[in-house]
Amino acid sequence: MKKETFTGKIAVIAATAGAAIGLGNIWSFPYKAGSNGGGWFVILYIFFAFAIGLPLIISEFIIGRNGRDGALCAFENIEKSQEQKPIKTYTILGGWLPVISSFIVISFYCVVAGWALGYFFIGIFKGFGDYTATNSGQNFSDLINNSFTSTALQFSFIIMTLLVLLLGVKNGIEKIAKIAMPILLVIILVLLGYALTTGSFGEALSFLFKPKSTFNGEKLNFIEVAVAALSQAFFSLSIGLAAIITYGNYTSKDENISKISLSVVIADTLVAILAGLVIFPIIFANNIDPSAGAGTAFISLPIAFNNMGSVAGRIIGTLFFLLLVLAAITSSISVLENCVTAINGKFKLGRKKTAIFVTIGGMLLGLLCQYAFGIGLPFEIVGQTELLDQLDEFTRNVTIPIAALTTTIFVGYRVKKKIISSELNNERLTRLFIPYIRYVIPVFVGVIFIFGLINLF
Ligand code: PHE
């Protein structure tokens, strides 16, 4: 069977931007910016996205377009095509590690996306009238601790993802991305219009972009902020989970991957910043703490939606959660697709069967994440209160940087210059790209990775 490819440039951009723009932009970017004091975090984030993220996305595209059959085979396929004896470490750290991490990510991603789906339904059927400063937190924990509801939401989300996958690359992934991305942009602009009327837009701008040396009365820990900014940029750009390698598999040789990658980085960064410019004016106008952490979207914002009055709050709130759901679905599709392509490419079980297996596995691990929040028996087995957070931290700080490092080293030192220059199709760019990917990126990523590890333990 001939392999499916995306139909053209717009399709590759929509699908890849869809993979990149997700909960990372709308849920975690604003709360990470908030808990890291804005300013420096945002500036470093933008710098890392372009200076490190962009060349890494290009590198993943190079591997994907030349490698075929998903991340578990891509490295060896390239080595064999260059008549090199495969070095297993590349496949293990650049293929297996990201694919296993993707499996972990899909499980907790669908839990959070399930919450967004739940809040979207609350917006539609009930409104945010019950979300006051005293009980919004309790309402959120009631939702996530109600095993029936939260499991139903998580399962619905992952099954929606599976259904899109089963429709295939052109009729599923590409179509959904082409529909969801423009709607997402319209919603975010409508919400931005509202944010401009809150009277706190200036405060939000200065919080996000003005570098400050102190935060909450303490001196800013610059290293911690840099580590958080880099890991956020990687996660948000879908780097280090082999997602772009997989979409590279489906990208035809006619496309210009450096231009496509640049468009994706611009779109992803823009949406993260726009999400910040939507959320922070609402937060400041309602005197809510900007450093509230992961609960910002699900606890703080509903209070603000309630304060807006029943009709306006309901419309704005429902639109906001629809935005989260749309962003999440195109990302979860890419994570699941990447597991499926890789496992099917390696073990040839058939795409449909593999997709169903991976989905069931993701559901089970997702259940563990949910129940590890403190209810039921599995909590005692795991012995952790917030497995979801820990899996998130672990992939962000450990597996993603290792995979990113492996990617740069592979493209920088192992892939022949001939391939790189035919991929980039621009001599000057190739002459800049190779030394940059060999010497600059590994040092940056390596240093921040080590600091990240020190911070983690
Ligand atoms: N980039 C996505 C987000 O910002 C998450 C993601 C990571 C998707 C890795 C695919 C691969 O939410």
Side-chain angles (χ1 to χ4, degrees), residues 14-33 45 48-49 53-54 56-57 60-61 64 70-71 97-116 157-158 161 164-165 173 176-177 180-181 184 188 228-250 261 264-265 267-276 294 297 323-342 358 362 388 391-404 407:
T16 317
I21 298 169
L23 294 173
N25 304 60
I26 296 156
W27 172 60
S28 62
F29 173 80
Y31 94 69
K32 301 253 163 178
Y45 173 85
F48 288 148
L54 177 59
L56 276 168
I57 293 194
E60 286 203 21
F61 262 121
L97 188 70
V99 171
I100 295 170
S101 314
S102 291
F103 179 68
I104 295 177
V105 167
I106 191 76
S107 62
F108 69 72
Y109 207 81
C110 289
V111 173
V112 180
W115 300 341
F157 197 85
I158 198 164
T161 308
V164 177
L165 234 66
I173 303 176
I176 292 289
M181 286 297 109
L184 182 137
I188 210 161
L230 184 70
S231 75
Q232 177 60 26
F234 277 0
F235 187 79
S236 185
L237 291 170
S238 300
I239 286 167
L241 287 171
I244 316 274
I245 295 186
T246 306
Y247 281 6
N249 274 188
Y250 300 136
S261 305
V264 170
V265 177
D268 188 73
T269 310
L270 205 67
V271 172
I273 289 174
L274 287 177
L323 176 71
L324 266 185
V325 171
L326 286 178
I329 185 101
T330 47
S331 297
S332 64
I333 290 169
S334 80
V335 189
L336 194 68
E337 173 66 34
N338 146 37
C339 293
V340 172
T341 312
V358 177
L388 183 145
L391 289 179
D392 185 18
E393 287 295 308
F394 183 71
T395 44
R396 276 170 190 262
N397 292 307
V398 183
T399 71
I400 290 180
I402 293 178
T407 306

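Values below: all heavy atoms of this structure, side chains included; hydrogens, waters and symmetry mates excluded. Atoms within each ligand, like the ligands themselves, are counted from 1 in listed order.
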Contacts of Ala116 that satisfy side chain to side chain contact (heavy atoms under 4.5 Å, CB included) - sequence neighbours left out = Phe298, Leu324, Val325

So what's ligand 1 close to, N/O to N/O, under 3.5 Å?
{"residue": "ligand 1", "atom": "1 (N)", "partner": "Ala19", "partner atom": "O", "Å": "3.3"}
{"residue": "ligand 1", "atom": "1 (N)", "partner": "Ala20", "partner atom": "O", "Å": "2.9"}
{"residue": "ligand 1", "atom": "1 (N)", "partner": "Phe235", "partner atom": "O", "Å": "2.8"}
{"residue": "ligand 1", "atom": "1 (N)", "partner": "Ser236", "partner atom": "O", "Å": "3.0"}
{"residue": "ligand 1", "atom": "1 (N)", "partner": "Ser238", "partner atom": "OG", "Å": "3.0"}
{"residue": "ligand 1", "atom": "4 (O)", "partner": "Ala20", "partner atom": "O", "Å": "3.0"}
{"residue": "ligand 1", "atom": "4 (O)", "partner": "Gly24", "partner atom": "N", "Å": "3.3"}
{"residue": "ligand 1", "atom": "4 (O)", "partner": "Asn25", "partner atom": "OD1", "Å": "3.3"}
{"residue": "ligand 1", "atom": "12 (O)", "partner": "Leu23", "partner atom": "N", "Å": "3.0"}
{"residue": "ligand 1", "atom": "12 (O)", "partner": "Gly24", "partner atom": "N", "Å": "2.7"}
{"residue": "ligand 1", "atom": "12 (O)", "partner": "Tyr109", "partner atom": "OH", "Å": "2.5"}

So, Ser101 side chain and Thr399 main chain: donor-acceptor pair closer than 3.5 Å or not?
-> no

Between the side chains of Ser236 and Gln232, is a donor N or O closer than 3.5 angstrom to an acceptor N or O?
-> no

For Tyr247, all residues meeting ring-ring contact (aromatic ring centres under 6.0 Å, His included), sequence neighbours excluded | Phe6

Sequence-distant partners of Thr161, side-chain hydrogen bond (donor to acceptor under 3.5 Å, both in side chains), two or more places apart = Ser332

Does Asn338 use its side chain to pair, donor to acceptor, with the backbone of Leu241 at less than 3.5 Å?
-> yes

